[in-house]
Amino acid sequence: MIKVLFVCHGNICRSTMAQSVFTYLAEQAGMEDEFLIDSAATSREEIGNPPHYGTERKLAEEGIPLIPHRAVQMTRRDYLEYDYLIGMDRANIRNMERIAGGDPQNKIYKMLEFAGKDRDVADPWYTGDFDATFRDVMDGCKGLLAYITGK
């Protein structure tokens with residue numbers, strides 16, 4: 001089983017969107033049984049809260065089921081248990097490495113690396129642009145699936 005953890009600041013917008021999108025893509029590829037997919041935050045601000053209504057609305061608009069989730073914070077144990085820890089931006093990566101005590105196993109990646117881009121996935125909490133975030137998340141998730149499966 002390949003374990004993937006998507007991480008953003010609060011775990012209510014980008015990482016929950018990525019969790020739902022990647023789950024959907026794995027199901028479409030007939031590979032849902034090959035993955036354990038979850039999401040987490042680097043902060044404690046939203047712990048226990050459900051996905052942001054903008055994330056819910058955008059996924060519904062795209063016909064992608066929302067994975068039921070309540071925000072949790074990433075832990076050092078997550079670093080040990082997951083194969084891929086995918087951050088949405090540079091600040092997430094920095095905080096993930098702090099939580100994990102570094103990245104000695106090279107498991108931490110920035111989402112858009114898998115789409116061949118060096119930029120961050122913009123946080124719709126601040127931009128309000130869930131469409132742009134969805135495009136980036138979809139590109140990153142497709143690239144991640146291709147990377148993992150070698151396609």
Side-chain angles (χ1 to χ4, degrees), residues 1-43 46-47 49-75 77-93 95-97 99-100 103 105-125 127 129-151:
M1 176 138 320
I2 301 164
K3 298 176 183 175
V4 180
L5 184 69
F6 293 101
V7 182
C8 69
H9 181 76
N11 191 212
I12 61 168
C13 295
R14 296 172 292 174
S15 60
T16 55
M17 183 183 287
Q19 178 184 1
S20 294
V21 168
F22 195 76
T23 299
Y24 176 80
L25 293 174
E27 288 171 354
Q28 295 298 302
M31 301 176 68
E32 62 270 19
D33 295 336
E34 297 179 36
F35 289 99
L36 172 74
I37 305 160
D38 208 343
S39 63
T42 58
S43 75
E46 298 288 344
I47 300 301
N49 289 335
H52 189 282
Y53 65 87
T55 293
E56 284 188 62
R57 188 184 73 247
K58 183 60 187 171
L59 290 172
E61 184 180 298
E62 297 292 334
I64 297 175
L66 175 72
I67 301 298
H69 184 79
R70 295 285 178 171
V72 297
Q73 186 176 30
M74 179 188 156
T75 65
R77 180 182 204 141
D78 290 331
Y79 182 82
L80 301 173
E81 292 185 5
Y82 285 87
D83 302 304
Y84 297 90
L85 294 93
I86 313 298
M88 300 295 145
D89 62 36
R90 286 176 190 82
N92 299 155
I93 299 298
N95 288 324
M96 291 164 69
E97 289 173 347
I99 291 166
D103 185 18
Q105 297 177 40
N106 298 312
K107 296 180 177 187
I108 296 177
Y109 300 87
K110 191 162 64 165
M111 172 63 104
L112 287 176
E113 283 181 51
F114 298 102
K117 300 171 185 167
D118 187 40
R119 61 184 176 75
D120 295 341
V121 175
D123 190 343
W125 175 262
T127 68
D129 190 347
F130 285 85
D131 294 334
T133 298
F134 178 81
R135 285 190 299 274
D136 283 348
V137 165
M138 180 59 82
D139 287 349
C141 285
K142 284 180 177 178
L144 175 61
L145 186 60
Y147 176 82
I148 291 172
T149 61
K151 295 178 182 172

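- Annotation: the span from Met111 atom CE to Met88 atom CE amounts to 3.5 Å, rounded to 0.5 Å.
- Neither side chain, His9 nor Asn95, offers a donor N or O lying under 3.5 Å from an acceptor on the other.
- For the pair Leu145 and Phe114, the minimum side-chain heavy-atom distance is 4.5 Å or more.
- Proximity of Val121 to Thr133: side-chain heavy atoms (C-beta onward) are separated by under 4.5 Å at one or more points.
- In this structure, the side chains of Pro50 and Arg70 come closer than 4.5 Å at one or more pairs of heavy atoms.
- Looking at every heavy atom in both residues, Pro124 comes nearest to Cys13 through CG-CB, 3.8 Å.
- For the pair Glu34 and Ile148, the minimum side-chain heavy-atom distance is 4.5 Å or more.
- The backbone N or O of Arg90 sits nowhere less than 3.5 Å from a side-chain atom of Lys110 that would complete a donor-acceptor pair.
- Here Lys58 pairs with Asp131 in a salt bridge; the nearest charged N to carboxylate O distance falls below 4.0 Å.
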### Task
Test side chain to side chain contact (heavy atoms under 4.5 Å, CB included) on Val137 and Phe22 and set out the steps.
CA-CA 9 Å; Val137 165; Phe22 195 76; over 6 Å; no
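- Residues Ile99 and Tyr79 have side chains not in contact (no heavy-atom distance under 4.5 Å, counting atoms from C-beta outward).
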### Query
Hey, mind stepping through Ile64 and Met138 against side chain to side chain contact (heavy atoms under 4.5 Å, CB included) and telling me if it holds?
CA-CA 11 Å; Ile64 297 175; Met138 180 59 82; 3.8 Å; yes
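- The CG atom of Leu66 lies 4.5 Å from the OG atom of Ser20; values are rounded to the nearest 0.5 Å.
- Expressed to the nearest 0.5 Å, how far CG of Leu144 lies from CG of Asp139 amounts to 12.5 Å.
- Residues Phe130 and His52 have side chains in contact (heavy-atom distance under 4.5 Å, counting atoms from C-beta outward).
- You'll find the side chain of Ile12 stays beyond 4.5 Å of the side chain of Thr55, heavy atoms only.
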### Task
Might you work through the side chain to side chain contact (heavy atoms under 4.5 Å, CB included) test for Thr16 and Asn11, ending with a clear yes or no?
CA-CA 6 Å; Thr16 55; Asn11 191 212; 3.7 Å; yes
### Task
Show your working on salt bridge (charged side-chain N to carboxylate O under 4.0 Å, His left out) between Asp136 and Arg14 and close with a plain yes or no.
CA-CA 10 Å; Asp136 283 348; Arg14 296 172 292 174; over 6 Å; no
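- A cation-pi arrangement, defined by a distance under 6.0 Å to the six-membered ring centre and an angle within 45 degrees of its axis, is absent between Lys107 and Tyr82.
- With values rounded to the nearest 0.5 angstrom, Asp78 atom CG is found 8.0 Å from Asp38 atom CG.
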